[in-house]
**Student:** 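Just passing along the structure, written as structure tokens.
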Amino acid sequence: MVRENKKLVEEVSGWLRVFDDGSVDRTWTGPPEVKFMVEPVAPHNEFIDGVATKDVIVDEPSGLRVRIYLPEQKPEGHEDTKLPIILHFHGGGFCISQADWYMYYHIYTKLARATNAIVVSVYQRLAPEHRLPAAIDDGYTALLWLRKLARGEQNEPWLLSYADFSSVFLIGDSSGGNIVHHVAARAGTVDLSPLRLAGGIPIHPGFVRAERSKSELEQPESPFLTLDMVDKFLGLAIPVGSTKDHPVTCPMGPGAPRLDGLKLPPFLLCIASKDLIIDTEMEYFEAMKKANKDVELLINKGMTHSFYLNKIAVDMDPETASETEVLITRINEFIKNH
């Protein structure tokens with residue numbers, strides 16, 4: 001029997017509503033003029049603006065999927081040139097968004113073109129239906145699928161034809177940046193050969209503590225990150241009974257494995273100077289340096305959390321457009337150097 005009078009038990013403005021029967025409604029209820037950014041883009045095998053896309057199941061039992069972005073090769077290019085792989089984990093506080101949303105499509109098609117790399121974006125399971133570490137498990141499963149392809153144990157024509165499995169990078173937006181760290185840490189405990197994990201690129205990772213930081217108290221909130229989102233999304237995502245000091249959200253904290261004990265590839269940590277959580281992101285950077293990890297830092301001046309995903313700002317504001325180009329250029333340099 002369908003229960004009609006469900007009670008709302010949690011709401012994150014515009015993004016998500018959780019009901020007492022455990023059901024979740026992710027219908028966008030924010031400003032209609034931004035709805036296009038959270039709508040899916042259908043895959044297209046033909047090249048549009050220099051990129052073709054398709055969705056592939058990487059794990060039959062779970063149904064885990066990825067979206068592949070293949071950049072078109074120029075006629076004057078060498079036919080046998082293999083392309084780096086960028087394994088992408090989307091953001092959304094572990095609770096919302098999908099790999100096929102337009103906000104990711106618009107920037108990751110651009111990144112695939114700019115870096116001449118194949119982007120493989122994971123459709124991670126979402127909390128609260130699937131609390132952490134589900135999203136990290138999915139990211140790691142996608143990496144192990146790439147290893148299977150590299151070993152000839154599975155087949156995916158685009159990747160087998162064009163990909164360089166010795167040049168695999170992890171990238172993630174916001175909470176996807178957390179996944180970069182934790183998938184890289186897991187990868188350091190296994191033999192990935194002939195695949196080589198060449199680098200990790202956390203962009204505005206959701207590294208926080210249970211206690212409010214100075215920047216959380218003082219920085220202005222932004223369209224893609226408010227204190228309400230930090231608290232509620234993470235509260236729905238981390239294991240029941242945990243706080244934001246959990247290792248997934250605070251890898252530099254005392255509850256997490258020691259950073260100097262982790263085998264990590266080189267990292268490029270990308271931060272926005274007006275991010276609400278810049279203080280704890282910088283704390284992570286300093287902890288990585290103290291642990292003698294190879295970590296570079298990019299700070300986009302005057303920008304807020306996930307600014308580059310906001311297509312309206314990228315199109316309308318010259319400063320946001322300029323800083324987005326800075327971000328893409330630095331990512332491209334990092335990939336070329338590793």
Side-chain angles (χ1 to χ4, degrees), residues 50-54 56 58-59 64-74 76-89 99 108-122 136-172 176-177 179-203 262-270 288 292-296 298 328-338:
V51 179
T53 62
K54 68 173 169 180
V56 174
V58 304
D59 183 63
L64 180 66
R65 295 181 300 146
V66 297
R67 168 153 295 190
I68 303 175
Y69 296 80
L70 177 69
E72 190 170 16
Q73 297 308 290
K74 299 174 178 64
E76 67 272 16
H78 298 291
E79 288 292 314
D80 58 352
T81 300
K82 298 289 188 176
L83 310 179
I85 300 170
I86 302 174
L87 183 59
H88 170 243
F89 312 122
Y108 283 95
T109 48
K110 183 181 284 193
L111 188 68
R113 286 194 304 269
T115 58
N116 199 27
I118 301 169
V119 176
V120 178
S121 185
V122 184
I136 297 165
D137 292 343
D138 290 345
Y140 188 58
T141 296
L143 179 63
L144 294 184
W145 174 71
L146 292 177
R147 183 181 69 174
K148 287 178 184 175
L149 293 176
R151 292 178 174 178
E153 296 168 1
Q154 288 200 13
N155 179 43
E156 201 302 301
W158 283 6
L159 289 167
L160 290 183
S161 298
Y162 300 107
D164 177 2
F165 291 97
S166 70
S167 185
V168 176
F169 295 83
L170 308 178
I171 194 168
I179 299 174
V180 167
H181 173 90
H182 291 284
V183 168
R186 281 193 200 179
T189 67
V190 298
D191 175 16
L192 291 174
S193 63
L195 183 147
R196 181 179 74 98
L197 188 57
I201 309 168
I203 309 176
L262 302 180
K263 183 185 172 189
L264 297 172
F267 268 37
L268 170 63
L269 175 63
C270 303
M288 288 278 279
N292 292 313
K293 298 304 175 190
D294 182 349
V295 55
E296 302 172 31
L298 168 66
I328 289 173
T329 298
R330 185 66 182 275
I331 292 169
N332 190 27
E333 289 170 356
F334 180 78
I335 290 171
K336 296 286 186 285
N337 292 336
H338 292 88

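Hydrogens, waters and symmetry mates are skipped; everything else that's a heavy atom, side chains included, is used.
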**Student:** To the nearest 0.5 Å, how far apart are CD1 in Ile203 and CD1 in Ile331?
**Tutor:** 4.0 Å

**Student:** At what distance, to the nearest 0.5 angstrom, does CG of Leu111 lie from CG of Asn116?
**Tutor:** 11.0 Å

**Student:** So, Lys336 side chain and Thr115 main chain: donor-acceptor pair closer than 3.5 Å or not?
**Tutor:** yes

**Student:** Given 3.5 Å as the limit, does a donor-acceptor pair link the side chain of Arg147 with the main chain of Asp191, or not?
**Tutor:** yes

**Student:** Rounded to the nearest 0.5 Å, what's the gap from CG on Leu197 to OG on Ser166? Could you check?
**Tutor:** 11.5 Å

**Student:** Quick check: closest heavy atoms across Arg151 and Leu192, and the distance to 0.1 Å?
**Tutor:** NH2-C, 4.1 Å

**Student:** Are any non-hydrogen side-chain atoms of Glu296 and Phe334 less than 4.5 angstrom apart?
**Tutor:** yes

**Student:** Once you round to the nearest 0.5 Å, how far does CG of Leu159 lie from CD1 of Ile68?
**Tutor:** 4.5 Å

**Student:** Carefully, step by step, assess Trp158 and Lys54 under the rule side-chain contact (heavy atoms from CB on, under 4.5 Å).
**Tutor:** CA-CA 10 Å; Trp158 283 6; Lys54 68 173 169 180; 3.4 Å; yes

**Student:** If every non-hydrogen atom of Val119 is compared with every non-hydrogen atom of Ala112, which pair is closest and at what distance?
**Tutor:** CG2-CB, 4.0 Å

**Student:** Taking the side chain as every heavy atom from C-beta outward, state whether Gln73 and Thr81 have any atom pair closer than 4.5 Å.
**Tutor:** no

**Student:** Can His181 and Leu262 be said to form a side-chain contact (heavy atoms from CB on, under 4.5 Å), step by step?
**Tutor:** CA-CA 10 Å; His181 173 90; Leu262 302 180; 3.8 Å; yes

**Student:** Does a side-chain heavy-atom distance below 4.5 Å link Ile136 with Arg186?
**Tutor:** yes

**Student:** How many angstroms lie between CD1 in Ile85 and CD1 in Ile171, if you round to the nearest 0.5 Å?
**Tutor:** 14.0 Å

**Student:** Quick check against the 3.5 Å criterion: does Lys82 have a side-chain atom that pairs as donor or acceptor with the backbone of Ser161?
**Tutor:** yes

**Student:** Compare every heavy atom of Ala198 with every heavy atom of Pro265, then report the nearest pair and how far apart it is.
**Tutor:** CB-C, 4.1 Å

**Student:** Tell me, do Met288 and Leu264 make a side-chain contact under 4.5 Å, heavy atoms counted?
**Tutor:** yes

**Student:** Under the side-chain contact (heavy atoms from CB on, under 4.5 Å) test against Val58, which residue among Leu143, Leu146, Leu64 passes?
**Tutor:** Leu64

**Student:** Parallel under 30°, tilted from 30 to 60°, perpendicular over 60°: which one fits the rings of Tyr108 and Tyr69?
**Tutor:** tilted

**Student:** Any side-chain heavy atom of Pro194 sitting closer than 4.5 Å to one from Phe165?
**Tutor:** no

**Student:** Less than 4.5 Å apart, any side-chain heavy atom of Leu83 and any of Asp164?
**Tutor:** no

**Student:** Please name the pair of heavy atoms, one in Tyr140 and one in Ala187, separated by the smallest distance, quoted to 0.1 Å.
**Tutor:** CE1-N, 4.0 Å

**Student:** What pair of heavy atoms forms the shortest contact from Val51 to Thr109, and how long is it?
**Tutor:** CG2-O, 3.6 Å

**Student:** Taking atom CZ of Arg196 and atom NE2 of His338, what is their separation to the nearest 0.5 Å?
**Tutor:** 9.0 Å

**Student:** Are any of the side-chain heavy atoms of Pro71 and Ile118 separated by less than 4.5 Å?
**Tutor:** yes

**Student:** Before you tell me yes or no, could you show the steps for Ile86 and Ile201 under side-chain contact (heavy atoms from CB on, under 4.5 Å), namely the whole-Å CA-CA distance, both residues' side-chain angles and the distance that decides it to 0.1 Å?
**Tutor:** CA-CA 10 Å; Ile86 302 174; Ile201 309 168; 5.8 Å; no

**Student:** Do the side chains of Val56 and Trp145 get nearer than 4.5 Å, heavy atoms only?
**Tutor:** yes

**Student:** Which pair of non-hydrogen atoms, one from Phe89 and one from Gly139, has the smallest distance, and what is that distance?
**Tutor:** CE2-CA, 3.5 Å

